[in-house]
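Some notes on the structure that comes next.
These values consider heavy atoms only, across backbone and side chains, with no hydrogens, waters or symmetry-generated copies. Start at 1 and go down the list; that is how both ligands and their atoms are numbered.
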Amino acid sequence: MLPFSYVRAGDAGTAIALVRASPDSAFLAGGTTEVDLVRQDVLRPGLLVDINDLPLDLIEDLPDGGLRIGALARMSDVARAPGVIERFPVISQALVLGASAQLRNMASMGGNLCQRVRCSYFRDPASPCNKRDPGSGCAALNGFHRGHAILGTSDHCIATHPSDVAVPLTALDAVVHTSGPGGERAIGIDDFFLLPGDTPQREHPLEHGELITAIEVPGAPVARRSVYLKFRDRQSYEFALASVAAAIRIEDGAIAEVRLALGGVGTRPWRARRAEAALLGRPASAASFAGAAREELAQARPRPMNAFKVELAQRAIVRALSTLTDGEA
Ligand SMILES: Cc1cc2nc3c(=O)[nH]c(=O)nc-3n(C[C@H](O)[C@H](O)[C@H](O)COP(=O)(O)OP(=O)(O)OC[C@H]3O[C@@H](n4cnc5c(N)ncnc54)[C@H](O)[C@@H]3O)c2cc1C
Ligand code: SF4
């Protein structure tokens, strides 16, 4: 680990200006990703700008029934906020199923969206990795890739996006608010997570020094009936092999509205739009759910060690939708 400077910013303008001024600087929130990677010599910042004094930790109910979650709100505080539990149970469940209690007390929502991939080659500076060292190659393609992605991959990177809470945020069309050198921006979640393509080192559209200030979730009555299921090698303190965020509304026996997103299988949180389209107007039956899941996963590009995820993700979709429609399906 190389020595680095540390400064604690008192306001957003100072934090942004400090990071902006040096190309090898970064924001520091809970530090649960950043400090790990510095210790592992994967990141070598010259300056860390601590943003924990900024007033960005509020969790507010919006007039349209939505939520505004400050970037520094801790995962555990968001998970137990009454408005989240009542109106967006899928968000609360995804948070509780992530990391450990200690980590959730430290980790911020902004940091969660910016956390780095768990690919072991990315975290091993001796291995080729296009994300860490662009142009060096991807050791996972022909290496150990059991946990890697089957959707949204490229020949340059197949790492899975690791966040749990980003999955329901994707299903619910959340908006990421930022403040930066160019002023304030609102970035739809679909545009926030970039596919790896031939630039896997670029994971989101933030400029250097652009600060996430809040995440807004628009009002969505459908989310009152929602669930997050996570499938992994052990039942706690583990990343997903596949996960699903689902919300559904049935009218007169047919599916009138549905939101679906997958985690653990995509290079970004994966909105299952093909499955959503296939479900609309259909009866809420196991056959409809299985057909829609097949349709979504038809675009998967598995590799030898992670081919099991195709079946796992399909079963996850069916299980989530069946759970929500118990008695109706
Ligand atoms: C052992 C372990 C297990 C875990 N398991 C899970 C899991 O199961 N599910 C899951 O979802 N996550 C899991 N995590 C990841 C954890 O949720 C993230 O590390 C955490 O959310 C990051 O938040 P932070 O505040 O600590 O970010 P930091 O480590 O402080 O920062 C992370 C990155 O975000 C940037 N950043 C932070 N805040 C902002 C901001 N406001 N604007 C712009 N950039 C910002 C930083 O510069 C840095 O690049 C796990 C982590 C560990 C260590
Ligand atoms: S999958 Fe991505 S993160 Fe992992 S080694 Fe390949 S390029 Fe690096």
| Part of Leu72 with heavy atoms under 4.0 Å of ligand 1, whether side chain, backbone, both or neither | neither
| task | Using 2.8 Å as the cut-off, note every protein N, O or S atom close to atom 6 (Fe) of ligand 2. | result | Cys138 SG
| query | Would Leu172 end up clustered with Leu95 when hydrophobic side chains under 4.5 Å apart are linked, directly or stepwise? | reply | yes
| request: Run down the list Asn52, Leu28, Asp50, Thr33 and name the one with the heavy atom closest to atom 19 (O) of ligand 1. | output: Thr33
| message | Test of understanding: given a 4.0 Å heavy-atom threshold, classify the contact between Lys230 and ligand 1 as side chain, backbone, both, or neither. | response | side chain
| field | Interfacing atoms of ligand 1 (cut-off 4.0 Å, heavy-atom, Ala29) | value | 25 (O), 30 (O), 37 (C), 38 (N)
| said: Suppose I only count heavy atoms of Leu211 and a 4.0 Å limit; which atoms of ligand 1 are within that range? | reply: 40 (C), 41 (N), 42 (N)
| query | At a 4.0 Å threshold, what atoms of ligand 1 neighbour a non-hydrogen atom of Phe27? | reply | 43 (C), 44 (N), 46 (C), 47 (O)
| request: Mark up the atoms of ligand 1 that fall under 4.0 Å of a heavy atom belonging to Ser163, in ascending order. | output: 11 (O)
| query | Between Ala166 and ligand 1, which residue portion shows a heavy-atom distance shorter than 4.0 Å: side chain, backbone, both, or neither? | reply | neither
| said: Starting from atom 27 (O) of ligand 1, what is the nearest protein heavy atom, named by residue and atom, and what distance separates them? | reply: Gly111 CA, 3.4 Å
| message | Give me the atom names and distance for the closest heavy-atom approach of Arg123 to Gln40. | response | NH1-OE1, 3.7 Å
| task | Indicate yes or no for a side-chain donor-acceptor contact from Glu238 to the backbone of Asp233 under 3.5 Å, with no hydrogens or angles considered. | result | no
| Heteroatom distance test (Ala26, ligand 1): nitrogen or oxygen, under 3.5 angstrom | no
| query | Which ligand 1 atoms are under 4.0 Å away from a heavy-atom of Glu210? | reply | 43 (C)
| request: Could you tell me if any non-hydrogen atom of Met109 lies under 4.0 Å from any atom of ligand 1? | output: no
| query | Closest heavy-atom contact between Ala223 and Ala247? | reply | CA-CB, 4.2 Å
| message | Whether the Asp124 and Ser127 side chains hold a donor-acceptor pair (N or O, under 3.5 Å, no angle test) is what I'd like checked. | response | yes
| said: Side chain or backbone, does Leu97 bring an N or O within less than 3.5 Å of an N or O on ligand 1? | reply: no
| field | Leu169-Val175 co-clustered via ILVMFWY side chain contacts under 4.5 Å | value | no
| query | Between the main-chain N or O of Gly197 and the side-chain N or O of Ser154, is there a donor-acceptor pair closer than 3.5 Å? | reply | yes
| task | Give a yes or no on whether a salt bridge exists between Glu216 and Arg68, defined as a side-chain N under 4.0 angstrom from a carboxylate O. | result | yes
| Ion pair present between Arg20 and Glu210, side-chain N to carboxylate O less than 4.0 angstrom? | no
| Can any side-chain N or O of Asp11 pair as donor or acceptor with the backbone N or O of Thr14 at less than 3.5 Å? | yes
| said: For a ring pair (Phe, Tyr, Trp, His ring centres under 6.0 Å) check, start with the C-alpha distance between His204 and Phe193, then their side-chain angles and the critical distance, and finish with the verdict. | reply: CA-CA 5 Å; His204 43 64; Phe193 296 110; 8.1 Å; no
| query | Any nitrogen or oxygen of Asp164, main chain or side chain, under 3.5 Å from a nitrogen or oxygen of ligand 1? | reply | yes
| message | So for ligand 1, is Asp36 a polar contact partner (N or O within less than 3.5 Å, distance only)? | response | no
| query | Does any N/O atom on Ile51 come nearer than 3.5 Å to any N/O atom on ligand 1? | reply | no
| Closest heavy-atom pair and its distance - Gly143, Met305 | O-CE, 3.4 Å
| remark: The closest protein heavy-atom partner of atom 49 (O) of ligand 1 is Glu34 OE1, 3.0 Å
| field | Any Arg104 heavy atom less than 4.0 Å to ligand 1 | value | no
| message | I need the nearest protein heavy-atom contact for atom 20 (C) of ligand 1: residue, atom name and distance, please. | response | Thr32 OG1, 3.2 Å
| In the protein, which heavy atom is nearest to atom 12 (N) of ligand 1, and how far is it? | Gln115 NE2, 3.4 Å
| Where is the nearest protein heavy atom to atom 7 (C) of ligand 1: which residue, which atom, and how far? | Ala99 N, 3.1 Å
| query | What protein heavy atom sits nearest atom 50 (C) of ligand 1, and how far away is it? | reply | Phe239 CZ, 3.5 Å
| remark: re atom 28 (P) of ligand 1, the protein heavy-atom contact at minimum distance is Gly31 N, 3.5 Å
| remark: Taking only non-hydrogen atoms of Glu238 and a 4.0 Å limit, the atoms of ligand 1 in range are 8 (O)
| query | Would Asp77 and Ile59 satisfy side chain to side chain contact (heavy atoms under 4.5 Å, CB included), going step by step from the backbone distance to the final call? | reply | CA-CA 8 Å; Asp77 291 331; Ile59 305 162; 4.1 Å; yes
| message | If you count every heavy atom of other residues, nucleotides or ligands that lies below 6.0 Å from Arg282 atom CZ, does the total exceed 12? | response | no
| Geometric N/O contact Leu103 with ligand 1, under 3.5 angstrom | no
| Considering only protein heavy atoms, which is closest to atom 17 (O) of ligand 1, and at what distance to one decimal place? | Asn112 ND2, 3.4 Å
| Val310, Leu312, Ile317 screened by side-chain contact (heavy atoms from CB on, under 4.5 Å) with Gln314, the one that passes | Val310
| What are the two closest non-hydrogen atoms of Gly209 and Ile16, and how far apart are they? | O-CG2, 3.2 Å
| remark: Minimal heavy-atom distance between Ser179 and Glu184, with the atoms involved, is OG-OE2, 4.2 Å
| query | Considering only heavy atoms of Tyr237, which atoms of ligand 1 have at least one such atom less than 4.0 Å away? | reply | 1 (C)
| message | Looking only at side-chain N and O atoms, does Asn112 offer a donor or acceptor that is under 3.5 Å from a partner on Gln115? | response | yes
| task | Can you see which heavy atom on Arg301 is nearest to which on Thr153, and at what distance? | result | NH1-O, 3.7 Å
| Taking distance alone, with no angle check, do Arg118 and ligand 1 share an N/O pair under 3.5 Å? | no
| request: Just jot down the ligand 1 atoms closer than 4.0 angstrom to any heavy atom of Pro162, in number order. | output: 10 (C), 11 (O)
| request: Taking only Lys NZ, Arg NE, NH1 and NH2, and the carboxylate oxygens of Asp or Glu, determine whether Lys230 and Asp164 approach each other closer than 4.0 Å. | output: yes
| field | Residues in side-chain contact (heavy atoms from CB on, under 4.5 Å) contact with Gln93, at least two apart in sequence or another chain | value | Pro89, Val227, Tyr228
| message | With a cutoff of 4.0 Å, is Arg74 in contact with ligand 1, counting heavy atoms of the residue only? | response | no
| Option of least heavy-atom distance to atom 33 (C) of ligand 1 (set: Gly70, Ala107, Gly110, Cys114) | Cys114
